[in-house]
Every structure is written in C-alpha cells, then in structure tokens.
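Some notes on the structure that comes next.
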2 protein chains.
Amino acid sequence: MSTILDVCKLAGVSKATVSRVINGIGQVKQSTRENVFSAMKELGYRPNRLAQALATNKTHTIGLVVSDFDGIHFGLLLKQAAASAEFAKKQLIVTDGHNDPDYEYEVILQLEAQCDAVVLYSRTLTDEHIQRLHEQLTIPIVVLNRNMPEQCFHSVSFEQEAAVTILMDHLFEKGHQEIACITGHMDNPTGKARLNGYKNSLQAASIDFKNDLVKHGVYDMKSGYQACKELLNEGITFTAIVAFNDCMALGALKALTETGINVPEQVSITGIDNDPVSEFFTPRLTTVGLPITAMTKQAIELAITLCDETKPTHSYQYKGQLIERESVSSVYTAKN
Amino acid sequence: MSTILDVCKLAGVSKATVSRVINGIGQVKQSTRENVFSAMKELGYRPNRLAQALATNKTHTIGLVVSDFDGIHFGLLLKQAAASAEFAKKQLIVTDGHNDPDYEYEVILQLEAQCDAVVLYSRTLTDEHIQRLHEQLTIPIVVLNRNMPEQCFHSVSFEQEAAVTILMDHLFEKGHQEIACITGHMDNPTGKARLNGYKNSLQAASIDFKNDLVKHGVYDMKSGYQACKELLNEGITFTAIVAFNDCMALGALKALTETGINVPEQVSITGIDNDPVSEFFTPRLTTVGLPITAMTKQAIELAITLCDETKPTHSYQYKGQLIERESVSSVYTAKN
DNA sequence: CTGTTAGCGCTTTCAG
DNA sequence: CTGAAAGCGCTAACAG
C-alpha cells in the first residue's frame, strides 16, 4: 500500500498539496492537480482512512450495539441499519453485548474513538446505565426501542402496551371474553409493557385476570407451539389467543391445527410484528404491524445527522397498526 | 476523552511506561504499574483504538462485503458473522456493493487499511475481479459461497448443482416424471448452477426438458406464488415442483392450496435452504438444507486465522442434505 | 498557489 | 526497570 509520501515523490509536491487534491479543498493549480491525480492513479493510491480519522477526529462511522445477536428483530434491524448507513456513505460497526450489561457498557465506551455516533438497541442496560453513558460519552447516542423516562436522550421507540391493547379491543369487539396470552421473555421492559397491555385491557373490560390463561414463550415458533399445547393439555377454555409475536402465534396455530381445532372457527389467534411469512400461512394471521424497519431507518438517520450538528433531543414514537386478516372470527358465528 | 498523556502526567511516568502497562508487555515495577492503573482508572482512560491501529498496523477488525443487503441469506449470514467475530473479540465492519461490481470493487479496496482480513459474499464480481483484488490487496480475502475455478483463494462454498440433483433424484424415486421448476435470479452462478442441476438430472433420467415447466422467480414467497399460478393458468401438467428455495416453494404451496389442489396428494413440492419456517407450514416442507450459518462461521473463522498467520489456500465445500418431510408423496399412491 | 511544521494518540526501538 | 525520540499516514494552520 502506497502512502501519501509516495505520491509526493512521484508528483514532486508536498504532502499539503496532495492532501488538498485528495480532499478537494484549497487552491491548487490545475496542472499540478492533474499531476497529483495521475501519480495517485499510477500508484493505486488510496488514502488511509484510519490516519484521516485520527487527524480529523471524524470517522464517518456509526456504531450499532445490540444486547444480543439472537434478538428476534436482529435480522431486519441490521439489514436496515446497514442499508441506511451505506446510503449516507457511512460505515457501520456492529457489536453485541453478550447479554451482559457490564460488558455492553464497556463495549459502548470502546466505540467512542471509532464512531461519530452510536445507536443502541439494548435490553439489558438499565436506565441509569444509559444515563451514565450519556454523560460519559463525547459522541451522541440514539436509543432504539426504549421509552426513556426523561426526554434527555434521542430515542426511537414503539408503544408496546398499545400494541396489545389494539389486539384485545379487536377481540372484544368480536365478542371474545376468554382470551389466552402467550408472552415473550418477561425480564425486560418490552415483555412487561405488553403484559400490562393484556391486564389493563381485561380490567378496562371488567374481565377477571386468570393466571392460567397466560403462558410464557420466548418469541420463537417452538415456544408458541408448546405454550399452546400446555393450554390445551390443562383443559383451560379459551376462544382466542393473543401471542406477543407472530412466530409464537404461528406456533400456536400449528398446535391447534394438529389437535384438530379449527382456526378461526373454534379459536381465534393474533400476533404482533406483521412478519412477512404471516401472510402465507392458512389462515393468514391477523396481527399488529411493528415497523422495525422504519424505526431503524429513523434511528440511523438521526445518528447520522447528529454526527455533524447537535439537535435538541427528541423522542420518536411509533404506534402499531391492526392488520386484519383471517385468523380471527366472531365468537357468535363461531359458537355453532 | 483523556489521552495517554493525561495518564502520564497523573502517574508521573512516560508514555512508554503507560504503553507497557496497557499492553502488559515489558518489565514494569509493580508499584509503578499500580500507579498507572489507578491513574487510568481515575481518568476513565481508554486507549484510542484508531491510534493503536495506526501505530501497530493491526486493526482487530474483519470486513464483510456483500453485493446487496437484500440477499436472501443476508440476515442469517450477518448474524453469524457478527457472532463469530465477536467471539474472537474482533470487530466487524459491514458494507454492501450496491449490486454494482465497480463500486463493490472500490469498497473492498477502501477496507484495506481498516481491516486485517475481508470476507466477500459477492454475486456481482467476476472471477477476474476477484483475481485482481487478490493481487492488489495486502490483506487476506476469503470468498464465501462461490466456487472459484482455480484454487488460488481461500473459499467456502456450497455445491449448488448437487442440491437440485438430490431433490430430483428423490422425486424420481417417488415416481415423478413431470417436474416443474421455479428458479431464482438467473443472472448469477448460483441460479445457473441450480438450473443445470435440473437439466442434467432430467437428462440422466432420459426425460425431455420442457421449457414450459420452468418459471423464474426471485427467491421470495410472492414470486413463488406467482410462478405457480402461471403454471396452473397455462394448464401445464406436472406432479411435482422443484423450487430453488423454501420461500418460493411455500409461495407455490399457497397457490396450490388456494386452487384446491392438495399437497402432496396431487402435487409434491420441494425447496432448498431448510428455512426455519418450513417446518411450521402444513404440510411440512421437504427440502435440502443449506448450511449458511456453518459456512459463514467457517469463513469468518478462517479470516480471523489469516489475520495472524498465513495458510495454504483451501476450498471448503459444503454439500446439502435432503430433509424429508411431508410435502412429497409417491405418484403411485397419489394417482387414485 | 505551495511548502513547512506541528500535531492526532499510540507503539517501539534504543539508551541508560 | 524507565524515558527520549522517531514514526504510523494524514490534516491543518501559517508563512511565503
């Protein structure tokens, strides 16, 4: 790899001049500019970005930190993040926190010299962690999918509780009263918020909460399948299932179908996410769309903006939309 | 952000000494080491990785370049790449080539100073491109999912043609003769190799190739659905469908089911990939597993090894395995 | 319009 | 065991 000095020698000019033509700034005589260009070309010269970054304190890189690479939305998130970054000609450095808050905290601090901004999709860091990071870091940070209590961060989040409420209201409208619930992990704000949505909806409808009706899954099809099997085996009656994501809803669908129970005639099912595959199952799944792609785009673009200018902190809130398909029917028509 | 100089002042030592304790090399008196440590801690000092990289010419990062972020395997690939890199305490820089060979070529060259090795998952670069890169680059490169003609590169690939052959043989065994084919993109080696698999299998079985039986999809469910619709609308007879991936097979399944055609009683369907969802459709899809995760792991680990030592080039070849489920039945039992 | 001179933050001989 | 000094490749005043 040739360096700027090689170009200097070949073109017979100083480093400053070469630097000027590389960056297209300052005044350079047309003829010498051409000289330099042809020298660069002849050598296959390419400026060393590391050196540029060190000298300018600008890396043109965005850091993306997630708690864990197994997260359910990781694929789409990463895809959109990579696309948005690329579009703005920024590089992307991707890191995970091994699901360990302390490790994750360290990782973020490490990123400081290597990025112009960080997007954080964390499910292990506490609010205080994030607060401390915010104070300690000299680069801006955007928190994705997390409702921060105080609006002192840039954040992009989803109304988790409302997503379930939308589903419950839809089910109530169709006359359902006995609604089973398949949750996701309960050790993080998302799971808790969604369960609150379930409980509060029941309360608002004056229906008693029954512990037997709620089973815990881990957001994959298998756990949805198993949760539903349990429900069935325990002989609990229910006319509908609210699953905390599409995968588990689809797993439950499989369990029901296997058992000879018709969906939606005998049991209605709903999910959350609007996973692309949900449309291809039979019956097509009714769900609440979670715009993870749009949210990620927003977060990365915000981070990119913050690289160059400071903006007052703002919290972008996304709300889910009901996508009605064929996995829910009215209890009244279903009864017979 | 404090620098090494701040630590020097606070601890009352020179840069060299601080550097020694940072890296744990050379001889440092226990007491001064402790001094330095506490100074670092007090300042919240963290070495600047960029500066370290510039000074040592070691970046501890792996570059991953894909042609396009929309690739069908991109999600899993990225996930595994990120995980493997993280495991080895390497950073990952992810970039795409906008599906443009020239751009992609440039991007890879840019990465040279920022990475210790590059993994390339390209569908636009020609073999000569890769050859030129290989000569031009001072860092090692691992080519993923690409059979290179000469074994002069490190590569990890999948036997594309064999995957289809396995499926065809399975179908022949079950008595199928009229086998429709839903391909993927035909502008790259993968699509071409798979189609060759289809054609060669037919030839080996002395069955004429009929152009009407092959429809082109783009690897997503929708295109599989449409391709199957076309087949149906054109009134072509077939007893089985070989789709070039699971998504399209599942789309075709949907089209068939909608039309009131039973799978596998009337038509058998097979895919490629062993997508996790394939198991949750009814009937569960028979497919050939494509170990993209294992392949990615292999590629990244190889790249990481190459950061520190040179190895003779080797080509790792992965072969698909038939995963028999319920979407294929024998024509003989199906006839009635 | 161009060159000189300091750095950016860290590593690494080489003396002592 | 420790420090001085040179250097990684590039940028950025400041002179001229």
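By convention in this document, chain letters (A, B, ...) are assigned in the order of the sequence lines, proteins followed by strands, and residues within each chain are numbered from 1.
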Looking at B/Gln52, I'd like to know whether one of its side-chain N or O atoms comes within less than 4.0 Å of OP1 or OP2 on C/dC10.
no
Output the rounded distance in Å from CD (B/Glu112) to C1' (D/dC8).
15 Å
Looking for any heavy atom pair under 4.0 Å, which part of the strands does A/Val13 touch: base, sugar-phosphate only, or nothing?
sugar-phosphate
Rounded to whole Å, how long is the line connecting atom CE of B/Met40 with atom P of C/dG9?
17 Å
Hey, are B/Thr95 and A/Gln91 close enough side-chain-wise for a donor-acceptor pair under 3.5 Å?
no
Can you tell me the distance, in whole Å, between the NZ atom of B/Lys29 and the C1' atom of D/dT2?
10 Å
Donor-acceptor side-chain pairing of B/Ser157 and B/Gln317 below 3.5 angstrom
yes
Regarding D/dG3, can its base be found pairing with the side chain of B/Arg20 as donor and acceptor, where the two atoms are less than 3.5 Å apart?
yes
A/Gln114 CD - C/dC8 C1' separation (whole Å)
15 Å
Interatomic distance where CG belongs to B/Leu50 and P belongs to C/dG9 [whole Å]:
11 Å
Report the nucleotide, chosen from D/dG9, C/dG3, C/dC10, that has the shortest atom-to-atom distance to any side-chain atom of A/Thr3.
D/dG9
Check every atom of C/dC10, C/dT11, D/dC10 against the side chain of B/Thr56 and return the nucleotide holding the closest atom.
C/dT11
Looking only at side-chain atoms of A/Lys15, point me to the closest of C/dC1, D/dC1, C/dG7.
C/dG7
Closer than 4.0 angstrom, basic N to acidic O: yes or no for A/Arg146 and A/Asp127?
yes
Between the side chains of A/Thr293 and A/Gln80, does any donor sit under 3.5 Å from an acceptor?
no
Hey, is the side chain of B/Asn48 poking within less than 4.0 Å of OP1 or OP2 on C/dC8, counting only N and O atoms?
no
Give one of base, sugar-phosphate or nothing for A/Asn23, where a contact means two heavy atoms less than 4.0 Å apart.
sugar-phosphate
Interatomic distance where CZ belongs to A/Arg49 and P belongs to D/dT11 [whole Å]
12 Å
Whether A/Ser14 contacts C/dG3 is assessed here as follows: a side-chain N or O lying under 4.0 Å from the phosphate OP1 or OP2. Is that the case?
yes
Among the nucleotides C/dC10, C/dT12, D/dC10, whichever has the atom closest to the side chain of B/Ala16 is C/dT12
Would you call A/Asp308-A/Lys58 a salt bridge at under 4.0 Å N-O?
yes
Would you say C/dG3 has OP1 or OP2 under 4.0 Å from some side-chain N or O of A/Thr17?
yes
Given the structure, check if the side chain of A/Arg46 and the base of D/dG9 hold any donor-acceptor pair shorter than 3.5 Å.
no
Side chain of B/Ile4 - closest among C/dT11, D/dA12, D/dC10:
C/dT11
Between D/dC10, D/dA12, D/dC8, spot the one nearest the side chain of A/Ala55, thanks.
D/dC10
Can you measure B/Asn35 atom CG to D/dC1 atom P for me and round it to whole angstrom units?
15 Å
Counting just side-chain N and O atoms, does A/Ser19 come under 4.0 Å of either OP1 or OP2 of D/dC10?
no
Whole angstroms only, please: what is the CD-P distance between B/Gln27 and C/dT12?
16 Å
Strictly by modelled atom types, are A/Tyr105 and A/Gln136 linked by a side-chain donor-acceptor pair under 3.5 Å?
yes
Output yes when at least one side-chain N/O atom of A/Thr32 is less than 4.0 Å from OP1 or OP2 of C/dT2, else no.
yes
